[in-house]
Amino acid sequence: MAGRINDDDVKAVRDAVPIDAVVSEYLQLRNAGGGNLKGLCPFHDEKSPSFQVSPSKGLFHCFGCQEGGDTIAFVRKIDHLSFSEAVERLAATAGITLRYEEGGYNPSHQRGERIRLVEAHKVAAQFYIEQLGTSPEAEIGRKFLAERGFDQAAAAHFGVGYSPAGWDHLTRFLRGKGFSDKELTLSGLSQEGRRGPIDRFRGRLMWPIRDVSGEVVGFGARKLRDDDNGPKYLNTPETAIYKKSQVLYGIDLAKKDIAKSSRAVVVEGYTDVMACHLAGVTTAIATCGTAFGGDHIKILRRLLMDNGSARVIFTFDGDSAGQKAALRAFEDDQKFAAETYIAIAPDGMDPCDLRLAKGNEAVTELVQPRTPLFEFAIRQIVQRYDLETPAGRAAALDEAAPIVARIKNIASQHEVAVQLAGILGILDTQFVVKRVAQLARWARDRGGKGPAPERRREYGEAQAPAAAPSGPALNLRSPAHRTERELLKLALQYPHLVSPAFDAYGVDEFTAPPYAAVRQCVMDAGGATDAPSDYLPAVMDSAPNDTVRALVTELAVEAIHARVVDEAYAGEQLVAVRRRAVDRRLLDIQGTLARLGQNGDPERLAAVQNELWVLQQYGQALRNRGAEAL
């Protein structure tokens, strides 16, 4: 077993890799105010961004699903890594050499499995590239690319390579780099032969498939020779790092332009992606041997920020298979907030063929949004029926009306319903409009049985942790709870503004048990006064469980509800919490006096009356002098 990573090195990794740089590899981030950034959460489905990143604190938190933590926690969660694997990946990014408490430096064969599989693919990708560029055998691959309009520069840009036709060229090469036979078979780069592992890909043109972060996780291999009895395209099998339903070819190259333009173009093949990018359509991506589905949509939604102005354009071949693919894509249309369109070249050519025949401008022209995907779906349905007969028109309406009812924009839905009546030749337009409206209403009613729509929060109202496993729910409308929350946020985010007064506050001054638990964490971590650089990690380490730890992260990321965060504002929160604590204590004392009555113990009565007088004077001072009286 590898030794434990040195604590100083872990801290160095945390400090060296900005959390916003890491997170933005997976989703689009926008300004959320207060120095924070926001985006669509990668850990659960949502329609409005509740995922926030605080670059200054190195933390993230989702106010929807309550996932949160630092850069290491994000990488662990999103790529399913162990703690050491996440640290090792970030260390490699930052160029930091890690030390291990037991056994010195970590030998490469002791690295985490996922890290090793990714490394094997990286080495394999470079091996294939070199083969394409230098091997005489790879001339057939170079010719294939040239015939499709791709020169050496294009091949290099996309990392295209060539796998030698022999049985175990790559396997022997990777063994020489220190990879074990088990790692080679687990990675999908090799497969078991009669006498041991052999290359999975042989004599083929190779496209590296990268995840959103740019790591090579698999390959797509194109047959080049007639004596190759395998399929035309052979992809990496499902592995620990490659899930074909969760990867999009070209996403690493396209993601920045997709986020910038709020536009994505979905094509069908690797060469189509290349053709689009070389023609200037740099938002093109493709699936890898599978239909476009829900997991692909999740990737795009996070990059598009899924606003109503976003556009997703699908290009499919004009044949029946392409039309079926378009209809399958429409089935998932409602998972987008973006508008979806379809683009089919008049002569049925794909983008690669179109670029060869008519040049780059034809490709650019092809992907301009023209036909909404729902309109294409309707026409595909209608053309299957005999509209000359009443029965044919009725049957077409029965199948097409639910499609129209699914259109998100109500105004567009009404307009398309009118168009549908015209297409079908139904003179009673209002009959079709009412039918569509009824179906849409039924769909909304069925959906209403699920989660209720999110209520807009009022200014200053905090959002409670969802589905907290323990502890009473916070009363978000309670002024006391809101002020306590604001003071804790200040103590975590701006400890110098509330010190040293905050450290004199008792746990019992926080009426919400979850907030009292966070106050205890700050106390156990040494307090807010003269907070060291590792103050926040220390507070989180002091948390008794994951629920409290998640709340600490949430409060450390959530925006302060003030235009100017300064000592005056901090003082207001300190005074408000203390005054309520004083008022509660006054009520308790008055109750004690009422119970003691006139016949109580004189010494006890005098002590309680003195405490009452002192607290009344203190409360008056807080009202008159504010933070100066603390």
Is there a side-chain contact between [X] and [Y], using heavy atoms and a 4.5 Å cut-off?
X      : Y      : answer
Asp350 : Val267 : no
Thr364 : Val281 : yes
Glu88  : Val13  : no
Arg14  : Val10  : yes
Cys65  : Cys41  : yes
Arg114 : Leu117 : no
Val433 : His414 : yes
Phe510 : Leu487 : yes

Judged by modelled atom types alone, do [X] and [Y] share a side-chain donor-acceptor pair under 3.5 Å?
X      : Y      : answer
Glu484 : Thr511 : yes
Asp257 : Thr283 : no
Gln52  : His61  : no
Tyr26  : Asp79  : yes
Ser50  : Glu46  : yes

According to salt bridge (Lys or Arg N to Asp or Glu O under 4.0 Å), does anything in residues 487-497 pair up with another residue at least two apart or in another chain? List the pairs. Glu486-Lys489, Lys489-Glu558

Calculate, to the nearest 0.5 Å, the distance between atoms [atom1] and [atom2] belonging to [X] and [Y] respectively.
X      : Y      : atom1 : atom2 : result
Asn545 : Leu551 : CG    : CG    : 10.0 Å
Gln413 : Ile403 : CD    : CD1   : 12.0 Å
Glu415 : Gln419 : CD    : CD    : 5.0 Å
Ile251 : His296 : CD1   : NE2   : 10.0 Å
Glu572 : Leu490 : CD    : CG    : 10.5 Å
Ile299 : Leu248 : CD1   : CG    : 4.5 Å

What residue among Val23, Leu90, Val53 forms side chain to side chain contact (heavy atoms under 4.5 Å, CB included) with Thr71? Leu90

Any donor and acceptor pair, going by atom type alone, linking the side chain of [X] with main-chain N or O of [Y] inside 3.5 Å?
X      : Y      : value
Gln28  : Leu303 : yes
Glu238 : Lys244 : yes
Gln520 : Ala516 : no
Lys243 : Thr239 : yes
Ser499 : Ala528 : yes

Pair Thr483, Arg580 - check side-chain hydrogen bond (donor to acceptor under 3.5 Å, both in side chains), show working. CA-CA 10 Å; Thr483 308; Arg580 289 194 177 97; 3.1 Å; yes

Please report the shortest heavy-atom distance between [X] and [Y], naming the atom on each side.
X      : Y      : answer
Asn31  : Asn36  : OD1-O, 3.4 Å
Cys62  : His44  : SG-CE1, 3.3 Å
Ser245 : Asp295 : O-CB, 3.0 Å
Val404 : Ile378 : CG2-CD1, 3.4 Å
Val273 : Ile285 : CG2-C, 3.7 Å
Val432 : Ala417 : CG1-O, 3.5 Å

Cation over ring face, Arg519 and Tyr505, 6.0 Å, 45°: no

Is NZ or CZ of Lys38 both nearer than 6.0 Å to the six-membered ring centre of Phe51 and within 45° of the ring axis? no

Begin from the C-alpha positions of Glu25 and Lys255 and carry the test side-chain contact (heavy atoms from CB on, under 4.5 Å) through to its verdict. CA-CA 8 Å; Glu25 291 291 332; Lys255 63 183 179 183; 2.2 Å; yes

Full working for ring-ring contact (aromatic ring centres under 6.0 Å, His included) between Phe74 and Phe43: CA-CA 10 Å; Phe74 179 83; Phe43 305 126; 5.8 Å; yes

Hey, is CD on Glu567 packed in by over 12 heavy atoms from elsewhere, all under 6.0 Å? no

Under 6.0 Å between the ring centres of His121 and Tyr242? no

Could you check, using the six-membered ring where one of them is a Trp, whether Tyr569 and Tyr494 have ring centers closer than 6.0 angstrom? no

Do the side chains of Arg485 and Glu554 get close enough for a salt bridge, i.e. N-O under 4.0 angstrom? yes

Set out, in order, the CA-CA distance, both residues' side-chain angles and the distance that settles side-chain contact (heavy atoms from CB on, under 4.5 Å) for Ile209 and Thr236, then state yes or no. CA-CA 9 Å; Ile209 299 170; Thr236 294; 5.8 Å; no

For Arg89 and Glu85, run salt bridge (charged side-chain N to carboxylate O under 4.0 Å, His left out): C-alpha distance rounded to whole Å, both residues' side-chain angles, the deciding distance at 0.1 Å, then the answer. CA-CA 6 Å; Arg89 172 185 281 196; Glu85 287 175 329; over 6 Å; no

Audit row: Cys276, Val363, side-chain contact (heavy atoms from CB on, under 4.5 Å) steps and yes/no: CA-CA 7 Å; Cys276 284; Val363 176; 4.0 Å; yes

Stepwise side-chain contact (heavy atoms from CB on, under 4.5 Å) test for Val518 and Leu555: CA-CA 9 Å; Val518 174; Leu555 296 174; 4.2 Å; yes

Salt bridge (charged side-chain N to carboxylate O under 4.0 Å, His left out) assessment of Asp45 paired with Arg302: CA-CA 10 Å; Asp45 285 334; Arg302 295 195 291 267; over 6 Å; no

Please step through salt bridge (charged side-chain N to carboxylate O under 4.0 Å, His left out) for the pair Glu215 and Arg210, ending with a clear verdict. CA-CA 5 Å; Glu215 301 278 13; Arg210 295 182 171 89; over 6 Å; no

Name each donor-acceptor pair under 3.5 Å that joins a side chain in residues 533-544 to protein atoms two or more places apart or in another chain, with its distance.
| from | atom 1 | to | atom 2 | distance (Å) |
| --- | --- | --- | --- | --- |
| Tyr535 | OH | Ala491 | O | 2.8 |
| Ser542 | OG | Ala538 | O | 2.9 |

